[in-house]
Amino acid sequence: MTPLLIRHARILLPDGEFLLGDVLVREGKIIEVASEISETNLNTIIDARGLTLLPGVIDPQVHFREPGLEHKEDLFTASCACARGGVTSFLEMPNTLPLTTTQAILDDKLHLAAQKCLVNYGFFIGATPDNLPDLLTANPTCGIKIFMGSAHGALLVSREQELEPIFAKGSRLIAVHAEDQARIIQRRQEFAGITDPAIHSQIQDETAALNATKLALKLSKKYQRRLHILHLSTGIEAEFLRQDKPSWVTTEVTPQHLLLNTDAYGKIGTLAQMNPPLRSPENNQVLWQALLDGVIDFIATDHAPHTLEEKAKGYPNTPSGMPGVETSLPLMLTQAMTGKCTVAQVSHWMSTAPAKAYKIPNKGLIKSGYDADLILVDLDNYHPVLREELQTKCGWSPFEGWSLTGWPVITIVGGNVVYERGKLNTEVRGEALQFEQ
């Protein structure tokens, strides 16, 4: 690893203040942060005048489709998209083929990632109704993923009698996709035959989300079990948690649920279809307030790509999900520039808080001794989301045409420049994330 000096950057410090100064990196670690660092004999010096230095984004919920579904995305293309979007670490979900439900399959994924990923990586172990021994012993993993709804096959764990043993044994974090599968099935029958994709938000309605969140919280409280509620989508869930959210419970929201709503179906059709679905504009506002108030702890993308051909099949035969790792940071920084939040808050939600929640050591802050996962962003210029510039294999974005600021100019992973001004260094490889118990 070549020593690296970043000069004249506007550096976000751990206390949320900014320092105009320099950062010295050696052996993949931040060695010094100061207003001026006098260092000679360095081959790599980055002049960061006019740029803001932030800790690399940790995206704690992605679906990168490998193994088994590589026609949509693979670990290499997804990590290229991460590097362009300033995502230096990701946590990936178990609904690949084969499903990530055993130590052996987890090991295979880690081996693939070591060969292919330009950024750092971690993987969830997926719960089934009958793999409790694997859930207790799998290592290294960021947590247990439970699909309470919106799934089929072995990964669906929807009934309380199946969920309870998982909450009752062990101490590992449990992350839930909280939708009530029984209600979804019932409403699918009620609305059968409707091909307008907007019906998706009524089939998987707010009540389906709230029912499952209430059940997960009930079991978490019964066993004092660490719970994380994935991609909160409704205002009623946010307000429920505002009244009753124990200290060991966290939740997240996606940029899609903050910035898109049911109006998007009329504009982009099935490209707006995801699980849990987009909600009414009123929900956007309640979720924003919950994020600002700390009821919602951080941001994840739920990057879940499908091909345009798959999305063109017509509802209800279209898959749910949309890509997000390339656009999440500029989307949120653009909101900061409008005064909706601050740059420091965005960095807390996208870097510091995920590192804390998943107990990932030495990440999420620009601080001496921390890993040198860093991004230099341009907050002075705006650039549209263009399909031809996307690195994700699926090749589209629900935010196409949106003019955004805060695009990464340089992305650094473990002290190595992996992305610089439109060019990827595909020789760089990230590392497997570690999770403190």
Side-chain angles (χ1 to χ4, degrees), residues 60-61 127 143-151 156-164 166-168 173-187 200-262 274-300 302 340-341 345 348-349 353-354 356-358:
Q61 193 198 169
I144 298 164
K145 167 67 181 286
I146 300 180
F147 285 91
M148 298 175 70
S150 293
L156 180 63
V157 188
S158 59
R159 295 180 299 174
E160 187 168 353
Q161 60 265 39
E162 297 169 334
L163 290 160
E164 186 147 12
I166 302 172
F167 277 84
L173 177 147
I174 294 172
V176 294
H177 179 125
E179 289 190 278
D180 180 347
Q181 187 71 5
R183 183 174 175 86
I184 292 170
I185 291 168
Q186 172 203 330
R187 291 177 72 78
H200 187 64
S201 293
Q202 292 186 53
I203 292 171
Q204 295 179 210
D205 67 349
E206 296 175 31
T207 301
L210 181 62
N211 288 352
T213 290
K214 283 183 172 179
L215 175 56
L217 188 68
K218 171 187 160 184
L219 291 170
S220 172
K221 289 169 74 174
K222 181 174 180 179
Y223 295 103
Q224 303 275 296
R225 185 64 181 267
R226 176 76 176 87
L227 171 67
H228 179 67
I229 301 163
L230 298 158
H231 44 41
L232 207 72
S233 67
T234 74
I236 54 173
E237 288 172 285
E239 292 310 299
F240 168 68
L241 290 170
R242 187 185 292 277
Q243 303 304 319
D244 187 5
K245 185 172 173 250
S247 60
W248 62 86
V249 174
T250 52
T251 189
E252 69 188 28
V253 67
T254 70
Q256 301 93 287
H257 288 114
L258 291 173
L259 301 172
L260 298 176
N261 52 57
T262 47
M274 67 175 295
N275 296 333
L278 299 178
R279 308 297 183 186
S280 69
E282 293 78 16
N283 282 279
N284 295 142
Q285 300 309 312
V286 181
L287 291 170
W288 260 110
Q289 195 58 52
L291 180 64
L292 290 165
D293 293 345
V295 175
I296 297 173
D297 299 273
F298 49 87
I299 287 168
D302 192 19
K340 194 107 183 186
C341 56
Q345 283 175 310
H348 175 78
W349 296 328
K356 180 183 177 186
Y358 284 99

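In what follows, residues are counted from 1 in the order of the sequence shown. All values derive from a computational prediction rather than experimental measurement.
Considering all non-hydrogen atoms of both residues, Pro276 and His257 come closest at O-NE2, 3.0 Å. Of all non-hydrogen atoms in Val176 and Ala216, the two that sit nearest each other are CG2-CB, 4.0 Å. Nearest heavy atoms, Glu206 versus Asn283: OE2-ND2, 3.3 Å. Nearest heavy-atom pair, Leu217 versus Pro246, reported as atom, atom and distance to 0.1 Å: CD1-CD, 3.7 Å. Looking at every heavy atom in both residues, Ala212 comes nearest to Ala178 through CB-C, 3.3 Å. Nearest heavy-atom pair across Leu287 and Ala238 is CD2-CB, 4.4 Å.
Using a 4.5 Å heavy-atom threshold, the side chains of Leu241 and Ile229 count as touching. At a threshold of 4.5 Å between non-hydrogen side-chain atoms, the residues Leu219 and Arg225 do not count as touching. Using a 4.5 Å cut-off on side-chain heavy atoms (C-beta onward), Glu164 and Lys222 make contact. The closest side-chain heavy-atom distance from Thr262 to Pro281 is below 4.5 Å.
Formation of a donor-acceptor pair under 3.5 Å by the Asn261 side chain with backbone atoms of Leu278 is not found in this model.
Residues meeting the salt bridge (charged side-chain N to carboxylate O under 4.0 Å, His left out) test with Lys245, sequence neighbours left out: Asp297. Under the rule for a side chain to side chain donor-acceptor pair (under 3.5 Å), Gln224 has no partner lying at least two apart in sequence or in another chain. With sequence neighbours excluded, the residues satisfying side chain to side chain donor-acceptor pair (under 3.5 Å) with Lys218 are Glu160. A search for salt bridge (charged side-chain N to carboxylate O under 4.0 Å, His left out) contacts involving Lys214 returns nothing, not counting sequence neighbours. Looking at residues two or more places apart in sequence or on another chain, you find a ring pair (Phe, Tyr, Trp, His ring centres under 6.0 Å) between His200 and Tyr315. Taking the salt bridge (charged side-chain N to carboxylate O under 4.0 Å, His left out) definition, one finds that Arg242 meets it with Glu239, Asp293, sequence neighbours left out. Here Asp302 pairs with His63 under the side chain to side chain donor-acceptor pair (under 3.5 Å) rule; sequence neighbours left out. Looking at residues two or more places apart in sequence or on another chain, you find no side chain to side chain donor-acceptor pair (under 3.5 Å) involving Gln181. Arg226 is linked by a salt bridge (charged side-chain N to carboxylate O under 4.0 Å, His left out) to nothing, counting only residues two or more places apart in sequence or in another chain. Residues satisfying the side-chain contact (heavy atoms from CB on, under 4.5 Å) test with Ser220, not counting sequence neighbours, are Phe167, Leu227, Trp248, Val249. Asp205 meets the side-chain contact (heavy atoms from CB on, under 4.5 Å) test with Arg183, Arg187, Thr207, Ala208; sequence neighbours excluded. Here Phe298 pairs with His228 under the ring pair (Phe, Tyr, Trp, His ring centres under 6.0 Å) rule; sequence neighbours left out.
Here the straight-line distance linking atom CE of Met148 with atom CG of Leu230 works out to 11.0 Å at 0.5 Å rounding. The CD atom of Gln285 sits 10.0 Å away from atom OG of Ser280, with the distance rounded to the nearest 0.5 Å. Atom CG of Leu156 and atom OG of Ser150 lie 9.0 Å apart (nearest 0.5 Å). One distance of note links NE2 of His177 with CD1 of Ile146; it measures 12.5 Å at 0.5 Å rounding. How far CD1 of Ile184 is from CD1 of Ile203: 9.5 Å, rounded to the nearest 0.5 Å. Taking CD1 of Ile296 as the reference point, atom CG of Leu258 lies at 7.0 Å (rounded to 0.5 Å).
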- request: For side chain to side chain contact (heavy atoms under 4.5 Å, CB included), just list the numbers for Leu260 and Met274, CA-CA rounded to whole Å, side-chain angles, deciding distance to a tenth of an Å, and then say yes or no.
  value: CA-CA 11 Å; Leu260 298 176; Met274 67 175 295; over 6 Å; no
task: Report the C-alpha distance between Gln345 and Leu292 in whole Å, list the side-chain angles of each, state the deciding distance to 0.1 Å, and finish with yes or no for side chain to side chain contact (heavy atoms under 4.5 Å, CB included).
output: CA-CA 8 Å; Gln345 283 175 310; Leu292 290 165; 3.9 Å; yes
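When only modelled atom types and interatomic distance are considered, Arg279 and Ser233 share a side-chain donor-acceptor pair under 3.5 Å. Using a 3.5 Å distance cut-off with no hydrogens or angles, the side chains of Glu179 and Asn275 do not pair a donor with an acceptor.
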